[in-house]
Amino acid sequence: MFERRQTSEGVEVVASSMVATLAEPARQPAAEVPALQASPSDAWDRVRRRLRAELGEDVFSSWFARVELGGIVDGVAYLTVPTRFLKSWLEAHYAERLRVNCMAELPGLNGIMLSVRQVSRDATQAPAEIVPLRSRPAAVTSPEARPAPAEIAAEPCERDLVDACGTMLDRRMNFQAFIVGKSNQLAFAAAERIAAAPAGTAPYNPLYIHAGVGLGKTHLLQAIAQEARGQGKRVAYFTADRFMYGFVAALKSQTALAFKEKLRGIDLLIVDDVQFIQGKSIQQEFGHTINALIDAGKQIVVAGDRLANDLEALDERIRSRLGGGLVVEVGDLDEALRARILASRLEALHAAHPNFHVNPDVAAYVARVVATNGRDLDGAANRLLAHATLSGQAVTLETAEAAIRDLVRTREPRRVKIEDIQKLVATRYNVSRADILSERRTAAVVKPRQIAMYLSKALTPRSLPEIGRRFGGRDHTTVLHAVRKIEKAITEDRSLHDEVDLLKRMLQE
């Protein structure tokens with residue numbers, strides 16, 4: 001994944017893969033619609049020449065020859081590639097080089113967005129119309145697996161079906177296959193209630209589900225879409241990147257009004273990974289869509305990776321709307337729930353490979369040590385299967401330890417947010433977060449403010465200008481002064497060193 005950083009000029013955007021779908025148009029007149037910079041094709045040719053000169057003909061031909069510039073909206077360059085593999089490779093190895101060269105040749109650019117383009121459609125073709133689909137998929141109880149962008153192709157594979165917006169849904173992500181535990185039972189109950197509600201009614205509006213990676217948000221959202229669609233409702237399911245790309249496609253196709261009317265005609269709007277929605281115009285249209293559908297009594301379901309108020313990149317009005325409905329967290333998986341999820345994965349693998357067996361003691365061990373999320377449990381089950389089939393030996397506790405060692409060791413530390421730092425430091429020093437963000441210069445406020453700035457630089461990937469903006473709009477030099485002062489102080493004052501070290505551990509645990 002690319003980074004998302006707030007800069008003084010705007011937002012640097014890097015996002016996951018996108019596929020064209022329909023979205024709501026901008027409300028401004030056509031003359032005010034963001035347009036490409038002068039001679040964008042010439043500028044893109046210059047970017048390609050720079051890359052060829054820097055990397056050589058072989059590297060350029062292998063990785064950059066099929067990258068195309070789709071458009072520029074809100075200072076974001078939309079680049080497209082033909083395959084998900086190529087997108088992943090560029091993100092992993094050449095993201096910064098792409099960004100730097102694009103910004104050098106495309107004036108006013110703030111960032112880039114890389115997407116997988118659909119090869120089955122003409123590039124200028126408008127996204128699919130909203131049409132009602134009445135057939136209901138048969139319940140499938142195979143394990144949860146989020147469909148990768150490359151699997152969203154022109155011809156749906158056997159496990160997929162199409163929702164009212166032409167979006168591929170995974171048949172396996174239904175309510176029957178979702179395993180309920182203490183951490184997700186409220187979200188599951190709310191999702192079932194919304195899916196079963198008659199068209200034109202909105203039990204909880206909007207429903208906002210937030211959770212970390214791999215805890216079941218997408219499964220719940222796709223289950224709602226499939227169940228509601230099976231009842232004849234007109235459903236629009238988007239990931240954030242599909243919504244953004246659809247917005248750009250609507251602008252380019254000059255059929256914005258028609259797309260707007262069709263989107264307003266749905267019964268249920270579902271948006272996943274809302275934290276990735278970037279760009280002022282796109283966020284405005286997303287907010288207008290939410291407001292119009294809620295005012296019309298249409299149900300909205302949105303999912304993100306944290307509380308709506310913590311989505312700093314989102315417009316404040318959108319955050320307020322999302323926080324004004326039912327907000328439900330899907331918590332971390334406890335050991336009992338992990339054991340049940342793993343058991344379902346192993347049962348599905350056994351059905352496909354009858355000779356594959358895992359001792360209950362081994363399964364209990366795996367569920368205990370793989371404590372991250374459901375996707376890592378999938379990975380653990382697949383590793384055990386690979387060992388059993390490739391070696392021809394039974395899965396023992398010893399072989400299981402070796403097979404899943406990387407899943408246990410590579411567990412990522414808790415991501416620390418600047419808001420968390422500010423709140424903890426404020427509590428620790430008996431001041432308010434508002435004091436830390438204020439202009440007050442009393443010693444009781446300055447010291448915790450500087451410590452919070454130091455911790456923000458040490459524990460987050462945010463730049464000095466970004467940290468300054470998050471501390472009441474201060475200049476980056478103020479942040480740098482605070483960081484250097486605390487760095488010097490903790491080398492001279494042992495008690496302060498221990499205090500700051502304790503704060504670091506509390507934030508990272």
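Just so it is clear, the values below take in all heavy atoms, side chains as well, and ignore hydrogens, waters and symmetry mates. All residue numbers in this chain count up from 1 along the given sequence.
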| Any donor-acceptor N/O pair, Asn101 side chain to Arg97 backbone, under 3.5 Å | yes
| message | Can you tell me how far apart NZ (Lys417) and NZ (Lys423) are? Round to the nearest 0.5 Å. | response | 7.5 Å
| query | Roughly how far apart are Lys485 NZ and Gln450 CD, rounded to 0.5 Å? | reply | 4.5 Å
| Just by distance, with hydrogens left out, do Asp272 and Thr218 show a side-chain donor and acceptor under 3.5 Å apart? | yes
| said: Please verify the inter-ring angle class for Phe188 with Phe178; under 30° counts as parallel, over 60° as perpendicular, anything in between as tilted. | reply: parallel
| Given Asp305, which of Leu311, Leu215, Asp273 fulfils the side chain to side chain contact (heavy atoms under 4.5 Å, CB included) condition? | Leu311
| message | Donor-acceptor pair, distance only, cut-off 3.5 Å: does the side chain of Asp435 make one with the backbone of Val431? | response | no
Let me have the donor-acceptor pairs involving side chains of residues 321-328, under 3.5 Å, with sequence neighbours excluded, atom names and distances please.
unit_1 : atom_1 : unit_2 : atom_2 : d
Arg321 : NE     : Asn291 : OD1    : 2.7
Arg321 : NH2    : Asn291 : OD1    : 3.4

| Does the side chain of Arg319 come under 3.5 Å of the side chain of Asn309 through a donor N or O and an acceptor N or O? | no
| task | For Gln299 and Leu269, run side chain to side chain contact (heavy atoms under 4.5 Å, CB included): C-alpha distance rounded to whole Å, both residues' side-chain angles, the deciding distance at 0.1 Å, then the answer. | result | CA-CA 6 Å; Gln299 178 69 59; Leu269 172 66; over 6 Å; no
| field | Thr478 side chain to Asp475 side chain, donor-acceptor N/O pair below 3.5 angstrom | value | no
| So how far is it from Asn205 CG to Lys298 NZ, rounded to the nearest 0.5 Å? | 11.0 Å
